[in-house]
4 protein chains.
Amino acid sequence: MSKPREEKYKAILDAATEAFAEYGYFSCQVSKIAKLAGVADGTIYLYFKNKQDILVSLFAERMGQFTQEIRHEIVQCRTTQQRLASIVRTHLRYMEENRSLAIVTQIELRQSDPQIREAISGPLREYFQLIEQVLAEGMEKEEIVIRDLKVGRQLFFGTLDAVISDWVISKKPRSLVEVEDVLIDLIRGAFRAKN
Amino acid sequence: MSKPREEKYKAILDAATEAFAEYGYFSCQVSKIAKLAGVADGTIYLYFKNKQDILVSLFAERMGQFTQEIRHEIVQCRTTQQRLASIVRTHLRYMEENRSLAIVTQIELRQSDPQIREAISGPLREYFQLIEQVLAEGMEKEEIVIRDLKVGRQLFFGTLDAVISDWVISKKPRSLVEVEDVLIDLIRGAFRAKN
Amino acid sequence: MSKPREEKYKAILDAATEAFAEYGYFSCQVSKIAKLAGVADGTIYLYFKNKQDILVSLFAERMGQFTQEIRHEIVQCRTTQQRLASIVRTHLRYMEENRSLAIVTQIELRQSDPQIREAISGPLREYFQLIEQVLAEGMEKEEIVIRDLKVGRQLFFGTLDAVISDWVISKKPRSLVEVEDVLIDLIRGAFRAKN
Amino acid sequence: MSKPREEKYKAILDAATEAFAEYGYFSCQVSKIAKLAGVADGTIYLYFKNKQDILVSLFAERMGQFTQEIRHEIVQCRTTQQRLASIVRTHLRYMEENRSLAIVTQIELRQSDPQIREAISGPLREYFQLIEQVLAEGMEKEEIVIRDLKVGRQLFFGTLDAVISDWVISKKPRSLVEVEDVLIDLIRGAFRAKN
DNA sequence: GATGAATGAGCATTCATTCAT
DNA sequence: CATGAATGAATGCTCATTCAT
């Protein structure tokens, strides 16, 4: 009679994304998530170990999906340039379509609580590795030039992150899509990408 | 008589920096700051309106000092390239010398609590404007090429931020100074800086 | 299901009456009420907005009941004399049976906190109006003589209040019932009541 | 050089009267009294044992003065009627001239805190005895008729108290002096006073 | 005597989590 | 499985009182 298990799980995660985005992790009560998800407070605990587990699961799930999508886009590209451009585009578009997720990512990425940090680092690291792989391959093929792989990734991700951060904070943000080309061009320059 | 007052104020701010860095703003109790500062809980409230005011004051004070220092370095530079290199160097070194501040900055920069956000945005915006000024001047003098000032700043700051973020999270970080040159080189490329 | 809810609500109100009576509103902690009511501290806040709300609710509930009872007695009386005597008797007996309420009334009636005062004034004013109605009707029918309705009510209520005040303070009080007749006689004289 | 001891003592008591009247005993901080008295917080404790001692001293001092004044008026009266009228008049006028004291009296008379209560009861009891003496003498001389001395006093004091209570609460109170005659007349009736 | 900065015990209130229904 | 009333530990902040100057 009731919603299947999977559906309710997603409903809670969606609600949590909204709620965390609006109030922040600490200022958002579990009861608020429950209400938003249309379930009882106690029900949350049938699906998640505790509040932190909601955040962690949310992050793992969404980031996994995100990385998946990026990975999918990349394989269709021929050159490193295309791959980087593709990541930029997918990243921006994904976040633009999932504003609450973007906010949560911005906020909770930096929790200093060691437990949360640890739990969150996994999915993020996976994305980092993906970027670094593309960069490494580009260097091998001499399509780009970077003196330090990690720093290259930091520039790549940090820039995207800053763009989204501003967009998230801004009350009347211009569309992220608008900056795609500028961004790609800038990054291309940083990596001395050959045409 | 105002000497000990000033001293105690700084002691509390220092303690708060440490404590916020270690536990995060929300997970850090006022009593923990008090103990670390070597004062009674109540004493805190002789110097700060409330817990949030500690964070805000801390941020305003430290970021103000930071921007000041950067500004001071910049004026001694001739070219835009030098100016950008100078900011990178000062930024990294300042954070390396103030690891706790770096952590707090990383964490609290992204608080979604609107009040905190608002209070914090001032000092940060000032730094952003400083960067954008340098970039604007560079474009005017045709020392660099950027299609969008804001995106340029986002790349510049975002990259530095990501570098520090990794450094902060890392258990055994390599010195930030080590990456200075790579970083400067990368940014130079992004902005097509002429030698 | 709403049965236990109602029960717990009353239990808290009863406990609060006892506790406020014994310690006074300000010197009585919420936790003391909770313990006395046999519930957890937090449970209090499922039923009341805050500590002040307990006091206000308590007052509204009990005084409403009290006025109700008085009103019920009055309608059965023929003459103003009987009505006044009835109020005196009911007032004294009600307070004698609800000593804690009597104490709370004595104490909190005079809180200078404007908020509390305002909240409390409603039910009390209702009682005052009841008295004044009886007096007004008595004057119309020429059963009593009063030059000023308000002062008449003040004498009536003030006297009862003083009697109860003494009784409340006294360690070994004589029964309030004992003074009924004397009191009625005295008031009758003040109002020049005709037999 | 500094104010003589006595003057500062009075200043604190005056300040306390104002402050207690405005905020109530519990909601009034010692520091507020100090500021109002123009002394440092610590100075208070050179003159009073603690906060409660301020209230108690205030009450003892002011009520003593009050009773004194009443006593002084009474001796000049010939008949019981005159004496009662004199008390009514003096009581009302004294309170009208000392509104803050009137408020404090209204409020703090009923503190349930046993300690405060005990300390306050002394001066008040003295006034009660004064009234009862007048009544007793009146009965002896057959100038009035009362079946119970205590109840007589309760009517007398309670009525005055209620009048003042209303006056204190009222935002636009009519002068207390206006009700004098009505009041005296009413009380005269209660006691079957002979002309 | 006078000061007022410092103290720290004390308390109302919140909210993640549990568990009887 | 689902509920939501109940729990009680946890914490920011206040303020009477002290005491070094």
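Only a predicted model underlies this, so the values are computations on that prediction, with no experimental measurement involved. Reckoned from all heavy atoms, side chains included, excluding hydrogens, waters and symmetry mates.
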Step by step, work out the side-chain contact (heavy atoms from CB on, under 4.5 Å) result for A:Phe48 and A:Val56.
CA-CA 10 Å; A:Phe48 300 92; A:Val56 170; over 6 Å; no
side-chain N/O D:Arg5 vs E:dG1 OP1/OP2, d < 4.0 Å
yes
Given the rule in the side-chain contact (heavy atoms from CB on, under 4.5 Å) test, do C:Phe66 and C:Glu61 qualify, once you have shown the distances and angles that lead to the verdict?
CA-CA 9 Å; C:Phe66 170 74; C:Glu61 181 121 328; over 6 Å; no
I'd like to know whether C:Phe59 forms a side-chain contact (heavy atoms from CB on, under 4.5 Å) with C:Thr105, so could you lay out the CA-CA distance, the side-chain angles of the two residues, the decisive distance to 0.1 Å, and finally the verdict.
CA-CA 8 Å; C:Phe59 204 78; C:Thr105 305; 4.3 Å; yes
Within the 4.0 Å heavy-atom criterion, would you say B:Phe48 contacts the bases, only the backbone, or no part of the nucleic acid?
nothing
Pairing stems for DNA chain E [at least three consecutive pairs; Watson-Crick or G-U; under 3.5 angstrom]:
E:2-21 with F:2-21
d(CD, C:Glu6; P, F:dA5) in whole Å
14 Å
A:Lys32 atom NZ is separated from E:dT14 atom P, nearest whole Å, by 12 Å
Identify, between D:Ile44 and C:Ser31, the residue whose nearest nucleotide on DNA chain E lies closer to the 5' end.
D:Ile44
By nearest heavy atom, map D:Lys49 and B:Ser27 onto DNA chain F; which one lands nearer the 5' end?
B:Ser27
Nearest heavy-atom contact between C:Leu101 and C:Thr17 is N-CG2, 3.6 Å
Is the Lys NZ or Arg CZ of D:Lys8 less than 6.0 Å from the centre of D:Tyr47's six-membered ring, within 45° of the axis?
no
Distance check needed: F:dC13 C1' versus D:Gln29 CD, whole Å only.
13 Å
The nucleotide from E:dA5, F:dA16, F:dG8 with an atom nearest the side chain of B:Tyr47 is E:dA5
Answer yes or no: is there an ion pair linking A:Arg62 with A:Asp14, defined by an N-O contact shorter than 4.0 Å?
yes
Nearest to the side chain of B:Val39 - E:dA12, E:dT7, F:dC13?
E:dT7
Can you find a side chain N or O atom of C:Lys51 that sits less than 4.0 Å from OP1 or OP2 on E:dT13?
no
With a cut-off of less than 4.0 Å, is there a side-chain N or O of B:Thr43 near OP1 or OP2 of E:dT7?
yes
Find the distance B:Asp41:CG to F:dA10:P and express it as a whole number of Å.
16 Å
Starting at atom CD1 of C:Ile54, determine the distance to atom C1' of E:dT13, rounded to an integer number of angstrom.
11 Å
Figure out the CG/P separation between A:Leu46 and E:dT17, and round it to whole Å.
14 Å
Give the C-alpha distance, both sets of side-chain angles, the deciding distance and a yes or no for side-chain contact (heavy atoms from CB on, under 4.5 Å) between B:Tyr45 and B:Val30.
CA-CA 10 Å; B:Tyr45 293 87; B:Val30 172; 3.7 Å; yes
Grab the OH-C1' distance between A:Tyr23 and E:dT14 for me, whole Å please.
16 Å
From F:dA2, F:dC15, F:dT7, nucleotide with atom closest to A:Lys8 side chain:
F:dA2
Please say whether the positively charged group of D:Lys51, taken as NZ for Lys or CZ for Arg, lies over the ring of D:Tyr25, i.e. under 6.0 angstrom from the six-membered ring centre and within 45 degrees of the axis.
yes
What is the distance, to the nearest angstrom, from the CG atom on A:Asn50 to the P atom on E:dA16?
11 Å
Measure from the side-chain heavy atoms of D:Tyr45 and tell me the nearest of F:dT17, E:dG4, F:dC13.
F:dT17
